[in-house]
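Working notes for the structure below.
Proteins come first, then strands; the chains are lettered A, B, ... in the order of their sequence lines, and each starts at number 1. For clarity, every value in this text was computed on a predicted model and none was experimentally measured.
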Number of protein chains: 2
Amino acid sequence: MLKYKGENIMELDDRKKKILALVVENYIESAEPVGSKQIADNYENDISPATIRNEMKQLEEIGFLEQPHISAGRVPSTLGYRYYVDNLMSNNTLSMVDIDYINNNIVSYGSVEKTLEHAADVVSKLLNLPAVLNIKTTDVVENVKILKISEKILLIILMSNSGNVKDVIVQITDSLPETRMDELSRLLNKNLKGTPLENLSLALNDVVKKELSKFSNILNEMEHIVRKELDEPKNNMKGNMESLLALPEFSNTNEIKKFLNVVNTKEIINEVLNKIDKDDISVIIGNENNQMLLKDYSLISLDFTATDTTSATLGIVSPKRVDYKKAVSTLKAVNDRLKKIFGKEKEDKDGARKED
Amino acid sequence: MLKYKGENIMELDDRKKKILALVVENYIESAEPVGSKQIADNYENDISPATIRNEMKQLEEIGFLEQPHISAGRVPSTLGYRYYVDNLMSNNTLSMVDIDYINNNIVSYGSVEKTLEHAADVVSKLLNLPAVLNIKTTDVVENVKILKISEKILLIILMSNSGNVKDVIVQITDSLPETRMDELSRLLNKNLKGTPLENLSLALNDVVKKELSKFSNILNEMEHIVRKELDEPKNNMKGNMESLLALPEFSNTNEIKKFLNVVNTKEIINEVLNKIDKDDISVIIGNENNQMLLKDYSLISLDFTATDTTSATLGIVSPKRVDYKKAVSTLKAVNDRLKKIFGKEKEDKDGARKED
DNA sequence: ATTAGCACTCATAATATATGAGTGCTAATT
DNA sequence: AATTAGCACTCATATATTATGAGTGCTAAT
């Protein structure tokens, strides 16, 4: 059995390539093992099913196809998908509808995180699969502002060095005179400046301990809210259950449980995502990653550098049978869009956001 | 067949009551039709299964129990559940763990909506079911403030008459001199004051049309973001898929699809929720509501008045087989907690939030 | 009024028996 | 030498067939 990416590279002849592509695409489409007759019907030049069978047998022998059982059609192996993704897959152009959807729904939301979250939403909706978003930032707090909204409501705004903004509304029990506001502001600035956004609630906890006596009602409340509101898990799942339920892979409930369990465990996903290439789109198929629990699934993701201090991976998790072509082109388009938003490229007329 | 809530009220003797309660509770617990032997085993005074069978038969005749098929045990009918909820259900006291969880996780978040959303989260987590939250507010915008966060980032804060606060971060392409800030502020206040929060994006759209020439980059952006961020559907679902998958009712995927479809269609849920009593806990079982699509499900919900202008319904949707006792006691505890937060009751030491 | 006894029902499980899609191989055809 | 018709073979799935047993309702005895 020859290795495709390894010592000896198997060069497939055109007919084998065409047949492999057809098997992959038919299987992605139908979720049923693909038989020789089906391929013969779809093959442009007339060849008999018998010939196709011979070819398919060879494709199986070199490890590109698999048979669920002896009298079934063929299903792509991980290696088969890989060869398809690397060599056979045409780069699909997205429909105008999809492009519009991307441009209209991914816009700058002032905060890097919110923008990326919307991007993840968009990816999830377009591909009908749960999206994973993993933001890594080394941003630190640069400035804290306090705004008195009303007698008993304060708005506390935290600005980071790269322009990220987070804010929390804090309700206090007794109103605060102007002078004390200034004091609170100085105190927060002194204590929080330089704190990595990731550690915000920890740092705040320290502030509470140190300065509680002075502003007990505010600090306590704030620490509590920050913990709940800002300290969300870094690995976000944007999901849409209905679309998963529609996949034949998930006709039985146990498979859904297994999948959700894997997808919701950020350690599992991150272990894989941490190894992908910077600023590029990665396709990781089945057991190509060494995470046993992910062996039946694929991750297709984009690594994106938003600012000097913030980067993210954004992608989808799905069964191995997935429309790689559409997924990759969608992520490419999202990448282009994000680049524009974060100023990595000149804005051009065509890609600019349309007002509707 | 006698009507329980109708003209003729069936008075059950103690033994029948006890048996009905046992059937309901066993069925809620096991999800399997309950047989006479099982009841006999759990019944405190020794009675034979044969006697139980006679009683069960009568309970079936008056419409409190049903048989899936002739040789199966009994399952409570809608009427049976109803009688149980109204007359037989002891009011369970929640565990200290649950009470603590409620007190620690439902706190004031400055905005009524956020607070209620957290409450919905808590209810969903405690009961392992999707929670529905439906907030009705007649609040209007009272004041708009603009804060320059940095050269190109503005924070726009909208305050309502009852102290609700919403804010959006807007990124602009060209920085704005101080004088123009004031102009923008006046303009927004003039145009938005008095706008019901519900119509915000519509009103903003008008502003954009009218005043676009002056502040095109800001207004456009703002309208866009408001539409996406604030104009979320009023009927929120807080859900936890895994817990649903664990229910035997949802062992087959189609049932899940049906359920999710119903639960995610806010019109269906609202049609029922709009009829429940103000400031009270309602239990609506199966076809008691006239929504055919909800006939296999129950809604247990709390109507809560948060401020003069804002009220909400908060509850759970589930298969008819659900722990009514725990659901009702949880909502009661949540109600108490919310009352304290929204100042409807004196705070007391015991229920006060604990710092951990 | 209660209950032991027993025939009866019917969902579920276990088993046996088609059906047919798809294969691999051989031998004939191009 | 490459292709393909022909055919026996495999095995998942569907259908039919037959236990199994939990639970009932009724009758007659307690």
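Within 4.0 Å of B:Lys57, counting heavy atoms only, lie sugar-phosphate atoms of the nucleic acid but no base atom.
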Secondary-structure notation, DNA chain D, from Watson-Crick and G-U pairs under 3.5 angstrom (| other strand): ||||||||||||||||||||||||||||||
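Side-chain atoms of B:Ser71 and base atoms of D:dT24 include no donor and acceptor less than 3.5 Å apart.
When each of C:dT3, C:dT23, D:dG25 is scored by its nearest atom to the side-chain atoms of B:Arg74, the top-ranked nucleotide is D:dG25. Taking every side-chain heavy atom of A:Ile70 into account, D:dT10 is the closest of C:dT9, C:dC25, D:dT10.
The interatomic distance linking A:Leu65 (CG) with C:dG24 (P) rounds to 11 Å, in whole Å. The nearest whole Å value for the distance from the CE atom in A:Met56 to the C1' atom in C:dC25 is 17 Å. Across the protein-nucleic acid pair, A:Gln38 atom CD and C:dG20 atom P stand 19 Å apart, rounded to whole Å. Atom NE2 of A:His69 and atom P of C:dG20 are 16 Å apart (whole Å). The distance between atom CD of A:Glu32 and atom C1' of C:dG20, rounded to the nearest whole Å, is 14 Å. Remark: P of C:dT26 and CG of A:Asn54 are 12 Å apart, rounded to the nearest angstrom. Atom-to-atom, NZ of A:Lys37 to P of D:dT4 comes out at 15 Å; the value is rounded to the nearest Å. One atom, CG of B:Asp46, and another, P of C:dA4, lie 10 Å apart when rounded to the nearest Å.
Between C:dT2 and B:Arg15, a contact under 4.0 Å exists linking OP1 or OP2 to a side-chain N or O. A close approach under 4.0 Å does not occur between any side-chain nitrogen or oxygen of B:Thr51 and OP1 or OP2 of C:dA1. A close approach under 4.0 Å does not occur between any side-chain nitrogen or oxygen of A:Arg53 and OP1 or OP2 of D:dT3.
A salt bridge links B:Lys37 to B:Asp41: one of the charged nitrogens lies within less than 4.0 Å of a carboxylate oxygen. Ion pairing between a basic and an acidic side chain is recognised when a charged N comes within 4.0 Å of a carboxylate O; B:Arg74 and B:Glu60 show such pairing.
We find the OG1-CD distance between A:Thr253 and B:Glu255 to be 10.5 Å, quoted to the nearest 0.5 Å. Taking OH of B:Tyr43 as the reference point, atom NZ of B:Lys18 lies at 4.0 Å (rounded to 0.5 Å).
Partners of B:Asp277 by salt bridge (charged side-chain N to carboxylate O under 4.0 Å, His left out), not counting sequence neighbours: none found.
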Derivation of the side-chain hydrogen bond (donor to acceptor under 3.5 Å, both in side chains) call for A:Ser298 and A:Tyr81: CA-CA 10 Å; A:Ser298 286; A:Tyr81 280 126; over 6 Å; no
Derivation of the side-chain hydrogen bond (donor to acceptor under 3.5 Å, both in side chains) call for A:Glu242 and A:Asn128: CA-CA 9 Å; A:Glu242 275 86 342; A:Asn128 268 316; over 6 Å; no
